[in-house]
2 protein chains.
Amino acid sequence: MTNRHAPFDQIATPKVMCLSCPARQSFLCSGLDDHQLQHLAARASRFELMRGKNLILEGDPSDNVYNIISGDVAVSRVSADGRRQILGFLSKGDFVGLTLSENYSFSAEALSDAKLCRFDRRSLDELVERFPEMDRQLRRMGAAAMDAMLDLVFALGRKTAQERVASFLIGLSHKQGNCDDPALHVYLAMTRSDIADYLGLTIETVSRILSRLKSSQVIRIKAVNRIEILDLDQLQSLADADLS
Amino acid sequence: MTNRHAPFDQIATPKVMCLSCPARQSFLCSGLDDHQLQHLAARASRFELMRGKNLILEGDPSDNVYNIISGDVAVSRVSADGRRQILGFLSKGDFVGLTLSENYSFSAEALSDAKLCRFDRRSLDELVERFPEMDRQLRRMGAAAMDAMLDLVFALGRKTAQERVASFLIGLSHKQGNCDDPALHVYLAMTRSDIADYLGLTIETVSRILSRLKSSQVIRIKAVNRIEILDLDQLQSLADADLS
DNA sequence: CGTGGATTTGAGGACCTTCAAAAGCGGTGG
DNA sequence: CCACCGCTTTTGAAGGTCCTCAAATCCACG
């Protein structure tokens with residue numbers, strides 16, 4: 001009762017408490033002290049998004065920036081005739097919607113039920129003005145996003161289907177593990193169709209290659225969305241074509 | 001004589017005069033006033049790079065940032081087995097080498113004899129500290145680079161060879177023309193091999209598609225590196241698959 | 001005018017897609 | 001609890017786009 005229609009009473013809004021936020025370690029927040037986080041909290045509002053719902057629609061005015069508290073989000077671009085290219089998969093701690101143009105040039109959709117934190121872009125800008133450290137963090141995040149894009153460009157332009165799928169699994173393994181300790185049990189928040197649209201392939205090709213990796217004992221498909229990596233070295237060498 | 005070994009005498013160094021720089025309108029410089037430009041000039045050094053020479057090698061420490069005064073540069077990534085993916089073509093006014101990581105994650109090569117302006121990254125950072133406006137410009141440039149990457153990702157992942165080549169020509173046409181007035185005579189600073197490595201194709205495919213566009217009267221190949229667009233609308237529709 | 005590299009063109013083949021159908025999986029209701 | 005339904009995934013067969021290999025042509029340059 002107290003927090004409905006009480007947008008100005010931030011203290012009474014238990015929904016937004018950055019100090020105890022699960023995404024506290026995210027790029028943006030990790031560089032801030034408690035004082036700054038309070039300012040951040042004052043401008044944020046939490047909400048949930050059901051699986052399959054759009055967070056952002058290509059072309060919409062870019063008024064908000066979102067931080068993912070939990071769940072998975074796919075960022076994509078779709079052509080007039082329906083071809084879809086997924087630009088990236090985001091999860092806990094990642095930001096969605098950071099752009100400098102007036103309108104979003106991509107869509108974003110929840111792959112699972114997700115909890116999010118909404119920031120007004122204007123007030124985020126003010127905050128950046130006030131705390132230059134946030135700017136560094138934003139730049140760092142932008143740079144990380146760019147690195148991911150460069151990897152994707154190389155994969156799409158110059159890797160075979162098998163190399164793309166292997167790279168993709170390696171990537172998941174690193175994201176879900178810790179530094180230098182890749183996870184061997186990876187969870188696929190996305191469908192085969194999402195993977196295909198990310199890797200520039202078809203559902204069938206993705207499925208066939210996963211089957212092939214399975215029969216060569218490189219992976220084990222424990223469930224449709226849970227894969228165990230049995231031979232990481234082998235998977236890595238199948239993924240390569242990477243670094244020079 | 002006066003300007004050799006006189007690095008502290010900026011006025012006497014005719015090599016670096018941002019006020020009259022051909023790249024004066026570049027993203028970075030266009031937002032600065034004369035005073036700021038003088039500071040910029042104090043930290044910049046001009047030099048030339050022969051065609052085919054590398055400006056940046058993947059893995060090198062990212063100590064410098066370059067602004068292109070004239071000429072064309074290709075940014076690329078190469079895998080262990082020699083596969084190359086060109087990430088972008090840059091020309092007058094563009095910056096090369098902007099990254100936040102300690103080492104470059106890409107190479108850069110001159111496609112033609114080029115004139116460049118070198119900035120020490122450290123002193124550029126100081127400058128940014130001092131003139132927040134420069135930061136905006138840097139962000140803007142980063143965002144533009146990201147937009148280009150997103151377009152490339154879509155092309156590589158979801159466009160046919162013909163669509164990629166058509167998009168590429170349209171892109172050149174816009175870069176070489178003015179706003180809303182695409183150039184109909186485009187100059188190709190890059191070889192077929194470069195185009196292929198940019199579009200994720202082979203030389204032969206690029207050549208075949210250009211020939212096909214020629215015989216369908218969409219373009220005219222005036223020279224191996226000069227193409228005239230005869231039917232822009234047709235080319236545009238061949239390129240599409242674009243916006244939703 | 002000859003030479004070497006880039007480009008174009010051709011023929012055949014590989015990889016991935018398309019089309020099609022079977023199998024697996026989760027949820028709902030009888 | 002199980003049968004049924006819809007959807008996703010897997011698997012198979014055929015086909016197309018693009019690649020590979022090869023040779024001819026073009027072009028710049030000495």
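Both backbone and side-chain heavy atoms feed into the values below; hydrogens, waters and symmetry mates do not. To find a chain, count down the sequence lines: A is the first, B the second, and so on, and within it residues start at 1.
The interatomic distance linking B/Arg51 (CZ) with D/dC29 (P) rounds to 9 Å, in whole Å. Nucleotide C/dA23 holds its P atom 18 Å from the CD1 atom of A/Ile221, rounded to whole Å. As rounded to whole Å, 13 Å separates atom P of C/dC16 from atom CZ of B/Arg158. Taking atom CG of residue B/Asn225 and atom P of nucleotide D/dC27, one finds them 11 Å apart after rounding to whole Å. We find that CD of A/Gln162 is positioned 11 Å from P of C/dC15, with the value rounded to whole Å. Between the P atom of C/dT8 and the CZ atom of B/Arg212 lies a distance of 14 Å, rounded to the nearest Å. The distance from atom CG of B/Leu210 to atom P of D/dC26 is 17 Å, rounded to the nearest whole Å. Atom pair A/Leu188:CG and D/dT9:C1' shows a separation of 13 Å (rounding to whole Å applied).
Of the candidates D/dG12, C/dT8, D/dT9, C/dT8 carries the atom nearest the B/Arg192 side chain, counting heavy atoms from C-beta on.
Residue B/Thr191 has no polar side-chain atom (N or O) positioned under 4.0 Å from OP1 or OP2 of C/dA6. Distances shorter than 4.0 Å separate none of the side-chain N or O atoms of B/Ser207 from OP1 or OP2 on C/dT7.
Within the nucleic acid shown, B/Ser211 comes within 4.0 Å of sugar-phosphate atoms alone, with no base atom in reach, counting heavy atoms only. Among the heavy atoms of the strands lying under 4.0 Å from A/Leu201 are primed sugar atoms or P, OP1, OP2 only; no base atom is included.
Ion pairing between a basic and an acidic side chain is recognised when a charged N comes within 4.0 Å of a carboxylate O; B/Arg84 and B/Asp194 show such pairing. Comment: B/Asp197 does not engage B/Arg83 in a salt bridge, judged by the lack of any side-chain N to carboxylate O separation of less than 4.0 angstrom.
Checked against the 6.0 Å centroid criterion, the rings of A/Phe95 and A/Tyr66 do not qualify as a close aromatic pair.
Between B/Thr205 and A/Arg208, the residue anchored nearer the 5' end of DNA chain C, judged by the nucleotide with its closest heavy atom, is B/Thr205.
In the interface, the side chain of B/Glu204 is paired with the base of D/dC21 through a donor and an acceptor atom under 3.5 Å apart.
Of the candidates A/Val75, A/Leu55, A/Leu57, A/Ser107 forms a side-chain contact (heavy atoms from CB on, under 4.5 Å) with just one, namely A/Leu57.
More than 12 non-hydrogen atoms from other residues, nucleotides or ligands lie less than 6.0 angstrom from NZ of B/Lys175.
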